[in-house]
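Inspection log for the structure reproduced underneath, given as structure tokens.
Naming convention: chains lettered A, B, ... in sequence-line order (proteins, then strands); numbering from 1 in each chain.
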Number of protein chains: 2
Amino acid sequence: MTTRATELLRVIHARPGVTRADAARLIGVGTGATTELVGRLGHAELLAETPAAPSGSRGRPTTALIPHPRGPLIAATSITHEQWRVDVVELGGAALATVREDLGDRTGDEVVAAVGAAVSRLRTEYGDRIRGIGIAVPGTVSRDLMLDASNLNWRNVDLAAIWPKAGIFVAGNDATLAASAESHRGAAVGASVALHLRVEAGLGGAVVDGGRVLVGALGAAGEFGHMPFGDPTVECPCGAYGCWGTAVDGSALARLLGHHQPRDPISYARRIIASTDPAPAAATATAATALGRGIAGLVNGLDPDLVTLGGLGTDLLAAAPAHIDQAYRAGLMGFRRENPPPILPSTLGDDGPLAGAAEEAWTALLTTLV
Amino acid sequence: MTTRATELLRVIHARPGVTRADAARLIGVGTGATTELVGRLGHAELLAETPAAPSGSRGRPTTALIPHPRGPLIAATSITHEQWRVDVVELGGAALATVREDLGDRTGDEVVAAVGAAVSRLRTEYGDRIRGIGIAVPGTVSRDLMLDASNLNWRNVDLAAIWPKAGIFVAGNDATLAASAESHRGAAVGASVALHLRVEAGLGGAVVDGGRVLVGALGAAGEFGHMPFGDPTVECPCGAYGCWGTAVDGSALARLLGHHQPRDPISYARRIIASTDPAPAAATATAATALGRGIAGLVNGLDPDLVTLGGLGTDLLAAAPAHIDQAYRAGLMGFRRENPPPILPSTLGDDGPLAGAAEEAWTALLTTLV
DNA sequence: CTTCTTAAGCTCGGATGTAGAGCATATTCT
DNA sequence: AGAATATGCTCTACATCCGAGCTTAAGAAG
């Protein structure tokens with residue numbers, strides 16, 4: 001439902017600390033209805049008011065709307081190839097607590113158990129204020145919450161164990177969720193259509209259209225790394241040939257440099273991209289060109305306002321901007337070349353997936369609060 | 001706004017002739033509110049009731065809800081490479097009148113003038129009942145309603161002249177609008193995410209997500225023909241290299257067969273695809289393979305429920321289904337191969353763009369009627 | 001043909017949410 | 001201090017919707 005109450009909470013979430021008067025204008029209600037709304041939501045412990053910063057101009061001062069100190073919370077979780085992390089996030093996106101730990105060489109089920117234990121501890125601390133959980137994982141999540149993460153060699157890891165209770169449960173691919181975060185809190189704020197791409201082991205991302213992440217029919221959209229922009233003779237671990245991901249990630253750099261496939265392709269790639277020696281720089285340039293050419297294809301097809309790059313994409317953009325840009329412009333349709341959508345580094349960096357998990361869980365929770 | 005009244009009109013539009021009782025159940029209101037709603041909307045000349053077909057089962061018979069005989073109308077317009085056409089479309093999608101004419105060798109401005117004159121005549125006939133217009137064109141429409149159609153050699157044709165009055169004005173690419181039609185009235189009804197591709201001179205299409213067409217930031221989304229799935233040595237008229245469109249349309253067939261680029265690439269391609277001689281059949285198979293491979297890439301990235309093919313895509317699917325299917329499956333990510341999204345022929349055929357123009361204009365109009 | 005069963009429509013009272021007018025309040029400007 | 005300005009509160013009017021109870025129109029059963 002989209003009641004005025006939900007709209008108001010959404011405004012506070014998007015802009016915590018918004019003044020009461022601005023919020024009322026944004027959702028288009030008069031002062032009478034605002035009094036009723038703010039009173040009701042305050043009484044329900046969903047929002048609170050503080051005296052607000054003085055505006056400096058004339059007129060009766062208004063108050064700032066902030067999350068209620070006993071209001072609902074979301075447990076935002078991310079699992080990366082190195083560590084897991086759980087943040088307790090209030091309305092507006094601020095974190096009240098953080099727990100994190102390196103994965104070590106735990107199995108998937110052990111990591112899920114550790115995360116579940118951390119969530120349980122947080123639930124004893126915050127009680128029923130924690131209304132749901134959002135989880136970002138480096139792999140694919142099926143509808144029945146089984147996780148496959150080929151990069152970690154995890155198969156059929158059951159995420160449901162993390163959150164046995166009723167409430168909000170959102171789980172998704174890290175790149176997809178990072179796209180959400182980037183569009184709500186990062187470099188793509190204000191874009192009507194934003195494309196986020198994240199290079200790690202492989203390449204993923206998502207389109208965010210009007211604030212909504214396009215997740216596809218099975219929740220598996222955004223696997224742009226498996227579009228055939230690459231070399232048709234290179235086989236991808238997915239079984240297809242010519243996947244774009246195989247042309248831009250750490251495996252591509254290793255292939256170009258004649259190295260073995262690295263154990264940790266992300267740290268490997270960071271090292272290569274940071275190197276200024278000629279051979280690594282040439283490999284980096286080749287990957288950057290492949291990245292730019294593919295971005296052009298996606299921009300032609302999807303018509304975003306802008307493109308944001310996360311993960312190793314940020315490194316490639318910093319290391320070889322000219323190669324990306326040249327291939328990008330060359331691949332664009334003629335009419336776009338004059339004013340192409342900018343390619344920007346992610347501003348949330350490695351926090352993107354966690355922030356996105358918080359965003360999507362909060363979005364889901366807000367539709368259930370009245 | 002999404003009031004109950006708008007919801008009811010949307011239900012009638014999606015399923016004209018729906019029974020009053022079913023419609024009430026669909027929007028979730030009780031019999032009391034239904035009486036009030038139907039009475040109000042009938043009084044406003046937005047809907048009417050007819051005695052409805054007998055259900056055969058017990059109980060008081062209900063009525064069928066249909067568009068009001070003096071209700072609002074939309075002028076749906078399509079311009080193709082051969083002719084223009086204007087339909088007058090009522091709520092529910094039925095056409096009350098049709099005007100059409102071959103283009104001959106008129107210029108773009110002359111065609112727009114002819115369409116404008118036809119619309120004016122229809123407006124004298126139907127009066128203010130015609131509340132807006134939807135226009136499907138074989139090219140790109142900028143925000144200020146200037147049309148570029150490279151296939152027709154039209155540049156900067158001003159569409160605003162067709163509809164000088166206030167009201168709904170929706171203009172879009174024919175492939176994009178055909179996608180909308182296919183998802184509302186065609187082969188993709190019921191799909192949560194549908195991908196429609198239309199091969200004519202080049203290749204375009206659109207993703208429809210939950211009934212909403214993804215039009216992109218500039219309204220130029222869906223130019224999938226300019227994704228670099230093709231041969232990187234082939235230059236596209238758009239200026240880029242390796243565009244997918246150049247691998248599947250009439251120009252691709254002519255190149256494969258060593259023919260000159262045909263004047264009318266669509267009729268030419270229809271002829272080649274229909275031929276059973278070995279050389280044309282081989283060229284058709286090559287194009288079908290390129291089509292299937294690209295579809296796989298898009299399915300990997302966009303995760304639709306199903307894919308519909310219009311224009312020459314329908315012909316290719318009929319002529320070389322095995323080639324499309326083999327390349328499609330080979331290009332899919334492993335986990336999709338077991339149960340791939342089906343590739344279906346468009347059911348609206350050449351009427352798709354016109355039907356989509358009607359759909360999008362009606363969608364826009366329905367949000368303004370209360 | 002009459003009565004029963006079923007599905008649907010109508011009427012009315014109560015609850016909810018909102019808009020708008022008029023008044024009250026808190027600040028800055030002159 | 002008084003004017004100007006912006007905001008908040010109270011109260012009335014109105015629209016919408018839900019649910020209960022009654023009415024209506026068909027098929028089924030006898």
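For the residue pair A:Thr31 and A:Thr34, no side-chain donor N or O sits within less than 3.5 Å of a side-chain acceptor on the partner.
If A:Gly59 and A:Ala5 are placed on DNA chain C by their nearest nucleotide, the residue sitting closer to the 5' end is A:Ala5.
Within the 4.5 Å cutoff, the side chain of B:Leu47 has heavy atoms near those of the B:Leu8 side chain.
Remark: C1' of D:dG8 and CG of A:Asp22 are 15 Å apart, rounded to the nearest angstrom. Atom CG in B:Leu37 sits about 9 Å away from atom P in D:dT16, given to the nearest Å. One can place CZ of B:Arg4 at 6 Å from P of D:dC17, the figure rounded to the nearest angstrom.
Residues A:Arg212 and A:Asp209 are not paired through a salt bridge, judged by the lack of any N-O separation under 4.0 Å between the basic side chain and the carboxylate. With salt bridges taken as basic N to acidic carboxylate O contacts below 4.0 Å, one links A:Arg4 and A:Glu7.
For A:Glu182 against A:Ser346, the heavy-atom pair with the smallest separation is OE1-OG, 3.1 Å.
OP1 or OP2 of D:dT16 sits under 4.0 Å from a side-chain N or O of B:Arg40. OP1 or OP2 of D:dT7 lies within a sub-4.0 Å distance of a side-chain N or O belonging to A:Arg25.
Among the nucleotides C:dT28, C:dT6, D:dC18, the one closest to the side chain of B:Arg58 is C:dT6.
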Would you mind building the protein contact string for nucleotides 9-14 of chain C? One character per nucleotide, 5' to 3', B for base within reach (heavy atoms under 4.0 Å), S for sugar-phosphate only, - for untouched.
-> BBB---
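Here A:Arg185 pairs with A:Glu359 under the salt bridge (Lys or Arg N to Asp or Glu O under 4.0 Å) rule; sequence neighbours left out.
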